[in-house]
Amino acid sequence: MPFDPQKVDAMLARYGGDKSALIQLLQDMQAEYRYLPREALEYLGEKLNVPLATIYHVATFYKAFSLQAKGRHCLSVCMGTACHVRGAPMILDTAARELDLAPDTTAKDGSFTLETVNCLGSCALGPLVVVDGEYHGHMNNAKIRKDVAAMKKQEGK
Amino acid sequence: MAELIKVTIDGKEIRVPYDTPLIEACRQAGARVPTLCYNENIRAYGVCRICMVEANEGRRTRLVASCAYPVRREITVQTNTDRLRRNRAMLINLQLARCPDEKVLHELAAEFGVKEAHPRLTRDHEDCILCGLCVRTCAEVVGASAIAFEGRGSQRRVVSPFDDENPACIACGACAFVCPTQCIKFFDENGKRHVERWHRVADMLVCEKCGNYWLPDAVAQTYARKMGLDPASFAVCTNCR
Ligand code: SF4
Ligand code: SF4
Ligand code: FES
C-alpha cells in the first residue's frame with residue numbers, strides 16, 4: 001500500500017495535531033500499513049514538528065511497531081512458554097525451512113513474512129501459529145507444511 | 001539567598017545550594033568520582049551507574065548514581081568504599097564485554113582492578129558504550145536532534161534515523177567532541193564535511209578572502225539564527241578576520 005499523505009492528515013486530525021499523541025499515531029499507522037513506512041514517518045515529523053530522530057527512537061523501541069513492510073502472507077509462530085514446551089521451536093524450524101526464510105524476516109520479493117511472537121494468549125491451543133490472521137492451533141510438522149504449501153499456492157509458487 | 005545544605009563527603013563537610021547534583025558536591029569536596037555518561041552542561045541521564053556513591057540521608061545507606069541525584073537535604077556520602085569498588089568493577093566488566101577495545105574502559109578497569117571482561121559474556125567489539133552523550137548534546141546543546149537510540153536491550157544502538165543521512169544534522173561535530181570513546185569521526189574533504197558514523201555529507205562555506213572551506217553551511221546558518229547574527233558575517237573565516 002503506497003503512502004498517502006491525506007491518510008496521515010486524517011490521523012493527525014483525530015488527535016488535533018497533538019505531539020503527545022505520537023504513540024497513538026504510530027499505532028494507527030501500523031494498523032493502516034501493517035508497518036511504518038519511512039515516508040510516512042518523515043511526513044509525520046514535519047507535521048507534528050517533532051524531530052525524525054525522536055520518532056525513529058519511539059518507532060524502534062516498541063516491538064508492536066515494524067519498520068519493514070510485511071509480506072503479502074504472514075506466518076506468526078507463537079514462542080510463548082506454553083507453545084515453546086509443546087514444540088514451537090520445531091514448528092518454527094520447519095516453517096523456516098519450507099519458506100526458505102530466517103525467522104523474523106520477510107522474503108525479498110515481498111511474498112512471505114515469518115515472524116515469532118511471544119504469547120498470543122491462547123495457550124490452550126498451543127503450539128499456535130497465526131496464518132494470515134487466522135489462528136491455527138495444535139500445530140505439528142505435517143500441519144505447518146500444509147499451511148505453507150497453501151500459502152505458496154496462493155502466491156503461484 | 002538560596003538555602004545551603006550540609007553535605008559530608010568522605011568525612012569532609014561542605015555546603016551546597018539546594019538541588020546541586022551530588023556529583024558536583026563530591027567534586028567540590030575533592031573526591032574523585034568516575035563517570036561515563038555525565039557532562040555538567042547536559043541534563044543527567046544516569047545510565048552508566050559508574051558514578052554511584054554510598055549515600056545516607058539519616059535512615060539507611062543506599063547506592064545512588066551521584067550525577068542524577070540532587071542534594072535536597074543533609075546527606076552523608078562515601079565515594080570509595082569496598083562495596084562501591086566491587087560494584088563499579090562489575091559494571092566495567094559488563095561494559096568491557098561489549099566494548100573490549102575501548103581505552104576509557106581499560107583505564108577504569110585498571111583503576112578498579114578488573115583483569116578482563118567475563119569471557120563467556122564477551123561477544124562483540126562495539127566501539128560505542130551507549131552513554132547517550134552524543135544524542136543529548138545534539139538535542140540539548142546543538143538543538144538539531146539528528147541522532148537517536150534505536151531499539152532496546154541488547155539490540156540498542158545509536159544511529160541517525162534509518163541509519164541513513166539526516167539533513168537535520170548540521171555537521172557541527174559536537175557529538176564527536178563529547179564522545180568518551182571517540183568513535184564518532186569527521187573530516188573535511190573537497191568542500192564537504194563528512195560525519196561518517198551518521199552518513200552525513202554536508203556542504204561547507206568558502207572564505208571570501210583565502211578561498212578555503214572553513215565551516216559547514218548549516219552550522220553558519222544555525223549560529224546566525226541562534227545568536228541573531230547576519231549570515232553574511234560568516235563570509236570570511238576566523239583566520240582572515
Ligand atoms: S554533527 Fe550532527 S549529529 Fe553530531 S551533534 Fe552536530 S548536528 Fe548533531
Ligand atoms: S557514540 Fe559515543 S557519545 Fe554516543 S552513545 Fe556511543 S559512546 Fe556515547
Ligand atoms: S555518570 Fe552517573 S550514571 Fe553515568
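Predicted model only: the values in this text are computed from it and were never measured. We name chains A, B, ... by the order of the sequence lines, and we start the count at 1 in each one.
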Chemist: Can you tell which of B:Val158, B:Leu105, B:Leu96, B:Val47 makes a side chain to side chain contact (heavy atoms under 4.5 Å, CB included) with B:Ile129?
Modeler: B:Leu105
Chemist: Select one option (side chain, backbone, both, neither) describing which atoms of B:Val135 are under 4.5 Å from chain A's heavy atoms.
Modeler: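 Neither part; nothing is under 4.5 Å.
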Chemist: Is B:Arg156 close enough and on-axis enough to B:Phe149, meaning under 6.0 Å and within 45°, for cation-pi?
Modeler: yes
Chemist: Is the terminal nitrogen or CZ of A:Arg38 (NZ for Lys, CZ for Arg) located under 6.0 angstrom from the six-membered ring centre of B:Phe162 and within 45° of that ring's axis?
Modeler: yes
Chemist: Chain B heavy atoms under 4.5 Å from A:Ile55: which part of the residue, side chain, backbone, both or neither?
Modeler: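 Neither part.
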Chemist: Please flag which part of B:Ala146 lies under 4.5 Å from any non-hydrogen atom of chain A: side chain, backbone, both or neither.
Modeler: backbone
Chemist: When only pairs under 4.5 Å are counted, which of B:Ser145, B:Ser160, B:Ala144, B:Cys138 shares the most heavy-atom pairs with chain A?
Modeler: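 If we count pairs closer than 4.5 Å to chain A, B:Ser145 comes out on top.
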Chemist: Which residue is it: A:Val50, A:Leu36, A:Leu25? I am looking for the one with a side chain to side chain contact (heavy atoms under 4.5 Å, CB included) to A:Leu44.
Modeler: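 Checked A:Val50, A:Leu36, A:Leu25 against A:Leu44; only one passes side chain to side chain contact (heavy atoms under 4.5 Å, CB included): A:Leu25.
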